[in-house]
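Worksheet for the structure shown next.
This one's a predicted model, so the numbers in the text were calculated from it and none came from an experiment.
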Amino acid sequence: MDGNSNCHDNGCITSLETELIQRLVAQSHEAKQRAHCPYSKFRVGAALLTADGKVILGCNVENACYALGICAERTAIQKAVSEGYKEFRAIAVASDVETEFITPCGACRQVMREFGAEWDIYLTKPSGTYTRTTLRQLLPMSFGPEDLLKV
């Protein structure tokens, strides 16, 4: 690879990709600032990258009827779909947890799976550090739209 690349535990990426990832990570932390979480105080933000390069932000929105709250990842995906986007390349997820990377909940993983299994998920910390995984790694042996065609 050329001198403008960085290698991490998950492989090598080019500088352009690194800049894009860093932008997504930063935007996920910006989205976190908008979280409505008066009950848990657990702020989460997400920055969703569409196939054509648009970034759509989401934050968690809690409700006094706890079951009606929605996670940041699903907020971003639903905003994207409502704006006509259904193909995604990556999502970055941010919280205030400094000691470990948080991961999307099971419901978010299944909603993400509706739109493919191979997109990148960047789990971040407030310091801006991140780790990369894929939806296939977080949701192995998943059920998706193509499974409905098997009946």
Side-chain angles (χ1 to χ4, degrees), residues 6 8 10-11 13-97 101-151:
N6 295 315
H8 302 282
N10 294 318
I13 53 179
T14 66
S15 293
L16 179 61
E17 291 171 343
T18 300
E19 291 171 14
L20 181 59
I21 293 165
Q22 290 171 342
R23 189 179 92 196
L24 274 179
V25 168
Q27 288 178 301
S28 70
H29 285 278
E30 290 171 21
K32 176 182 70 176
Q33 303 301 321
R34 299 182 187 129
H36 175 73
C37 51
Y39 310 107
S40 73
K41 309 289 191 253
F42 194 88
R43 301 183 310 164
V44 180
L48 177 66
L49 179 64
T50 67
D52 68 354
K54 181 174 172 118
V55 175
I56 297 175
L57 304 181
C59 63
N60 57 319
V61 180
E62 294 180 349
N63 190 286
C65 180
Y66 292 163
L68 297 181
I70 186 167
C71 300
E73 300 92 328
R74 284 182 282 154
T75 297
I77 291 168
Q78 291 172 0
K79 281 176 59 179
V81 170
S82 73
E83 293 176 20
Y85 298 97
K86 294 184 182 178
E87 294 181 20
F88 309 114
R89 292 177 52 198
I91 191 168
V93 182
S95 77
D96 293 320
V97 175
F101 297 105
I102 65 158
T103 63
C105 73
C108 287
R109 294 176 194 198
Q110 187 60 49
V111 169
M112 294 164 131
R113 178 60 180 87
E114 179 70 15
F115 302 97
E118 296 302 329
W119 30 314
D120 292 334
I121 301 171
Y122 295 92
L123 310 173
T124 77
K125 292 182 182 178
S127 65
T129 60
Y130 63 87
T131 188
R132 179 194 156 279
T133 189
T134 65
L135 187 55
R136 188 169 302 283
Q137 290 171 311
L138 291 179
L139 193 64
M141 298 174 57
S142 65
F143 179 83
E146 66 281 358
D147 293 306
L148 294 174
L149 302 174
K150 296 175 183 175
V151 180

What pair of heavy atoms forms the shortest contact from [X] to [Y], and how long is it?
X     : Y      : value
Ala92 : Thr124 : CB-CG2, 4.4 Å
Cys59 : Thr75  : O-OG1, 3.1 Å
Ser95 : Pro126 : O-CG, 3.5 Å
Ala46 : Ala76  : CB-CB, 4.4 Å
Cys71 : Cys108 : CB-SG, 3.3 Å

Rounded at 0.5 Å granularity, tell me how far [atom1] in [X] sits from [atom2] in [Y].
X      : Y      : atom1 : atom2 : value
Asn60  : Cys105 : CG    : SG    : 10.5 Å
Gln78  : Ile70  : CD    : CD1   : 4.0 Å
Arg74  : Ile77  : CZ    : CD1   : 9.0 Å
Lys32  : His29  : NZ    : NE2   : 5.0 Å
Gln137 : Thr103 : CD    : OG1   : 12.5 Å
Gln110 : Leu135 : CD    : CG    : 8.5 Å

Note, [X] side chain near [Y] side chain (heavy atom, < 4.5 Å):
X      : Y      : result
Lys150 : Asp147 : yes
Arg34  : Leu57  : yes
Tyr85  : Asp52  : yes
Val44  : Ser28  : no
Phe101 : Val93  : no
Tyr39  : Asn63  : no
Thr50  : Glu83  : no

- Is the backbone N or O of Ser40 less than 3.5 Å from a side-chain atom of Glu62, with the two atoms forming a donor-acceptor pair by type? yes
- Message: Angle between ring planes, Phe88 versus Phe115, binned at 30° and 60°: parallel, tilted or perpendicular?
- Response: perpendicular
- Using a cut-off of 6.0 Å, state whether more than 12 heavy atoms not belonging to Glu87 lie near its atom CD. no
- Arg113 CZ: over 12 foreign heavy atoms closer than 6.0 Å: yes
- Is the closest side-chain donor-acceptor distance between Arg109 and Ser142 under 3.5 Å? no
- Message: Does Arg89 form a side chain to side chain contact (heavy atoms under 4.5 Å, CB included) with Leu24? I'd like the steps, not just the answer.
- Response: CA-CA 11 Å; Arg89 292 177 52 198; Leu24 274 179; over 6 Å; no
- Task: In sequence, state the C-alpha distance, the side-chain angles, and the governing distance for Met112 and Ile121, and then conclude on side chain to side chain contact (heavy atoms under 4.5 Å, CB included).
- Result: CA-CA 10 Å; Met112 294 164 131; Ile121 301 171; 4.1 Å; yes
